[in-house]
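Predicted model only: the values in this text are computed from it and were never measured. Chain naming here is simple, since letters A, B, ... match the order of the sequence lines and numbering starts at 1 in each. Any value given below was found using the heavy atoms of this structure, including those in side chains, with hydrogens, waters and symmetry copies removed.
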There are 2 protein chains.
Amino acid sequence: MDDHRDDVGAGRDGRPARPARLKDVAELAGVSLKTVTNVVHERRHVKAETRARVKAAIAELGYTPSLVGRQLQSGRSNIVALAVPRIDEPYLGALAHAMIMAGERHGYTVFTDETGRSDDHELRAAAGYPGNSIDGVIYSPLAVDPRRLADMSRFTPMVLLGEHLSEGAADYVAIDNEQSAKDVVQHLADGGRRRIAYVGSNPARSSSVGQLRFQGFRAAVNDLDLETRDDWLLRCDRYTRETGAAMAEQLLPQIGEIDALVCASDLLAIGAIRTFIAHHVRVPDDVAVIGWDNIVDGRYLSPSLSSVATDLDLLADRTFEALISRIQGNRDPAAVYTVPHELIIRESSRPPTG
Amino acid sequence: MDDHRDDVGAGRDGRPARPARLKDVAELAGVSLKTVTNVVHERRHVKAETRARVKAAIAELGYTPSLVGRQLQSGRSNIVALAVPRIDEPYLGALAHAMIMAGERHGYTVFTDETGRSDDHELRAAAGYPGNSIDGVIYSPLAVDPRRLADMSRFTPMVLLGEHLSEGAADYVAIDNEQSAKDVVQHLADGGRRRIAYVGSNPARSSSVGQLRFQGFRAAVNDLDLETRDDWLLRCDRYTRETGAAMAEQLLPQIGEIDALVCASDLLAIGAIRTFIAHHVRVPDDVAVIGWDNIVDGRYLSPSLSSVATDLDLLADRTFEALISRIQGNRDPAAVYTVPHELIIRESSRPPTG
DNA sequence: GTTAGAATTTCTAACGTTAGAAGTGATGCT
DNA sequence: AGCATCACTTCTAACGTTAGAAATTCTAAC
């Protein structure tokens with residue numbers, strides 16, 4: 001009788017005017033709050049008859065537990081944030097999709113956030129979204145200083161993707177980038193390619209995937225006695241189609257010398273192929289092109305794009321295993337989890353005809 | 001002295017062992033809770049000296065208000081859900097990006113959810129994510145029965161995108177689909193195309209964008225005295241690359257008769273072009289192809305893809321305006337908001353050379 | 001020096017959930 | 001009959017925030 005709000009489930013169309021609370025259920029069923037939670041959580045020590053009555057009341061009121069109340073009480077939200085630079089990049093979209101599915105398997109809701117708008121957003125993600133009661137962060141950093149990140153992440157369960165931070169700031173999940181680059185070069189050599197260019201290195205960021213892949217590339221080129229030259233190695237920060245197109249522009253004078261181009265991402269490769277075709281450079285006959293990420297668009301390109309594929313579902317599962325372990329208090333030193341990769345050969349890197 | 005937790009900001013490395021609460025700030029500053037909130041909310045009636053002391057305490061403890069606490073108290077979360085079938089579809093990724101940016105402009109956090117996994121997920125979105133304290137839903141439905149949706153959405157602020165529900169279940173924001181199709185046909189006619197096929201109609205779902213666009217298509221074909229035939233009109237549910245490829249397969253026998261293909265989405269168009277090229281059908285010389293959505297990939301395709309572009313930023317802003325008005329209690333009948341579209345002409349629909 | 005009124009601050013209940021502690025009966029054993 | 005044990009249920013404080021009401025202090029005018 002101390003409740004002034006009396007219109008639960010009383011809409012004249014039979015729908016509640018406001019969501020029912022635990023208290024409403026308790027009153028309708030004529031039991032205490034605790035008994036209702038006991039029923040909701042399927043606990044013992046509730047008489048069958050009481051249980052039935054409570055369940056009926058729950059059904060009648062259409063009661064759904066308020067996650068906010070729970071969260072406040074438990075300190076846990078079962079929400080993790082996936083922080084990526086831009087959600088409209090194909091690879092990151094596919095990653096988000098895989099993470100959402102994996103989150104579901106592991107009992108977590110994945111809240112995808114974009115950090116690419118500003119450094120502030122990146123730092124906010126790195127700090128674990130203070131105030132938002134995020135249980136953990138899956139983070140694909142772009143520009144944040146690794147040192148700073150290591151500092152901030154100490155108190156936020158976090159798993160890193162994409163860029164490798166040598167300081168071991170947090171758990172890291174990725175393919176073996178160097179080895180995948182070696183596989184790429186081996187494949188090109190198998191197809192008779194000898195003089196290979198590379199787009200996407202960046203010595204200034206030695207831990208970037210582009211640089212890791214470049215190291216594998218260079219090692220394989222040496223091991224297999226292939227040729228590369230400094231002016232065939234183009235560095236860039238952003239792995240976009242635009243950049244790829246611009247880089248290919250720079251390579252046009254070398255066409256005829258080079259017979260293959262390795263791009264640190266499919267987007268770079270797509271941009272490069274676009275430029276090549278526009279200048280009547282034939283792919284793969286004049287130049288083989290290959291990238292990383294196996295984005296769907298590559299399959300529908302003409303020529304279709306060869307690429308290094310990550311098993312995203314596996315990557316997402318590993319990520320959640322690591323993250324959940326951290327959420328549950330694991331304080332071991334940061335670990336690196338490697339997931340397998342696979343070379344998907346399509347038209348763009350087939351051996352030249354004739 | 002009734003607080004048993006005494007390790008706020010007491011980590012021996014100078015970082016808090018747990019997040020600071022309002023109460024911690026109040027104690028450190030030697031004032032009451034209300035005074036601290038008054039400072040946090042920049043309210044009057046706080047002495048300058050007190051304000052300074054509180055601010056110092058906030059800074060020292062690194063206090064950030066708990067959004068959960070706020071949400072419980074206010075019933076508002078300032079979070080809206082964007083429910084799309086799949087986040088890894090290029091158009092939906094671009095839409096999500098635009099919505100996240102617009103949300104920021106309007107003071108909302110956008111939580112992107114995928115509903116494509118099951119009907120349950122769609123219904124959950126339609127019901128406003130019960131228990132999650134979502135303030136509103138931006139919803140791009142795929143399969144939910146409009147009738148049911150109308151029923152559920154009555155109590156959840158909601159804006160619909162994509163599919164048009166004639167029942168007026170909720171506010172709807174989109175381009176003028178019929179007019180855009182007429183513009184497409186006009187453009188093809190201007191380029192000398194006369195016999196035009198269409199992929200993406202679906203009479204079973206008369207309110208689907210594919211069907212709306214088809215209606216505009218047919219009207220324009222009649223008005224401009226162009227030709228189309230029943231076996232040039234292919235219906236489909238899913239606007240994917242795969243479907244587009246399959247539909248184009250069906251059209252191969254008609255090549256030579258038709259000189260243009262209108263696809264209800266860019267993905268369909270991309271799939272179709274892939275099939276055409278694989279079968280040495282020249283685009284645009286043999287067949288012009290054009291789609292909707294202006295996804296970035298279309299620009300890098302060869303031939304680059306002509307498309308109907310929506311101004312996504314404008315669409316997102318309109319969406320938020322409508323949604324916020326609903327959140328604030330607007331009970332007017334559901335409205336339709338139309339945003340402008342633009343025809344982006346690229347290579348795939350250029351007039352045949354020679 | 002009083003006092004009305006304003007300025008500033010504190011007190012307290014509430015948001016919806018949870019779970020430990022405490023309470024009530026009923027049963028079975030001696 | 002007395003008592004411990006068990007099944008079941010209720011009571012209550014707590015999570016972090018907010019804001020109306022109440023209390024206190026200050027200011028200025030008489």
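- Heavy atoms of B:Val68 sit nowhere under 4.0 angstrom from any nucleic acid atom.
- Residue contacts for A:Ser66: at a heavy-atom cut-off of 4.0 Å it reaches the sugar-phosphate backbone alone, with no base atom in range.
- Distances shown here put a side-chain N or O of A:Arg21 below 4.0 Å from the OP1 or OP2 atom of C:dG16.
- Computed from coordinates, the A:Leu22 CG to C:dC15 P distance equals 13 Å when rounded to whole Å.
- Whole-Å rounding puts the A:His45 NE2 to C:dA22 P distance at 17 Å.
- Two residues are said to be in side-chain contact when any heavy atoms from C-beta on lie closer than 4.5 Å; A:Asp171 and A:Leu323 fail this criterion.
- D:dC30: Watson-Crick or G-U partner is C:dG1, with both key distances under 3.5 Å.
- Comparing A:Leu33 and A:Arg53 by the nucleotide of DNA chain D whose heavy atom lies nearest to each, the residue mapping closer to the 5' end is A:Arg53.
- When side chains are defined from C-beta on, A:Tyr172 does not count as touching A:Tyr337, because their heavy atoms never get closer than 4.5 Å.
- Looking only at side-chain heavy atoms (C-beta outward), A:Leu312 and A:Tyr91 come within less than 4.5 Å of each other.
- Atom NZ in B:Lys23 sits roughly 12 Å away from atom P in D:dT17 (whole-Å rounding).
- Within 4.0 Å of B:Lys47, counting heavy atoms only, lie sugar-phosphate atoms of the nucleic acid but no base atom.
- Going from atom CG of B:Leu67 over to atom P of D:dT17 covers 9 Å, rounded to whole Å.
- Comparing D:dT10, D:dA14, D:dT17 by their nearest atom to the side chain of A:Gln73 picks out D:dA14.
- Per the geometry, CG belonging to A:Asn38 stands 10 Å off P belonging to D:dT10, to the nearest Å.
- Projected onto DNA chain C by closest heavy-atom contact, B:Leu72 and B:Arg44 fall at different nucleotides, the more 5' of which corresponds to B:Arg44.
- Phosphate contact (OP1/OP2 of C:dT18, side-chain N/O of A:Arg43, threshold under 4.0 Å): absent.
- Of the candidates D:dT10, D:dT17, C:dT18, the closest approach to any side-chain atom of A:Arg70 belongs to C:dT18.
- Between B:Thr50 and C:dT8, a side-chain N or O to OP1/OP2 separation shorter than 4.0 Å is absent.
- Contact check for A:Leu28 versus A:Val25: no side-chain heavy atoms found under the 4.5 Å cut-off.
- Considering only the side chain of B:Lys34, C:dC11 comes nearest among D:dT10, C:dT17, C:dC11.
- For the pair A:Gln71 CD and D:dA14 C1', the interatomic distance rounds to 16 Å; values are reported in whole Å.
- In terms of phosphate contacts, B:Thr37 brings no side-chain nitrogen or oxygen within less than 4.0 Å of OP1 or OP2 of D:dA19.
- The 5' end of DNA chain C is approached more closely, in terms of each residue's nearest nucleotide, by B:Ser32 than by the other of B:Ser32 and B:Gly69.
- Using a 4.5 Å heavy-atom cutoff, the side chains of A:His97 and B:Glu114 are in contact.
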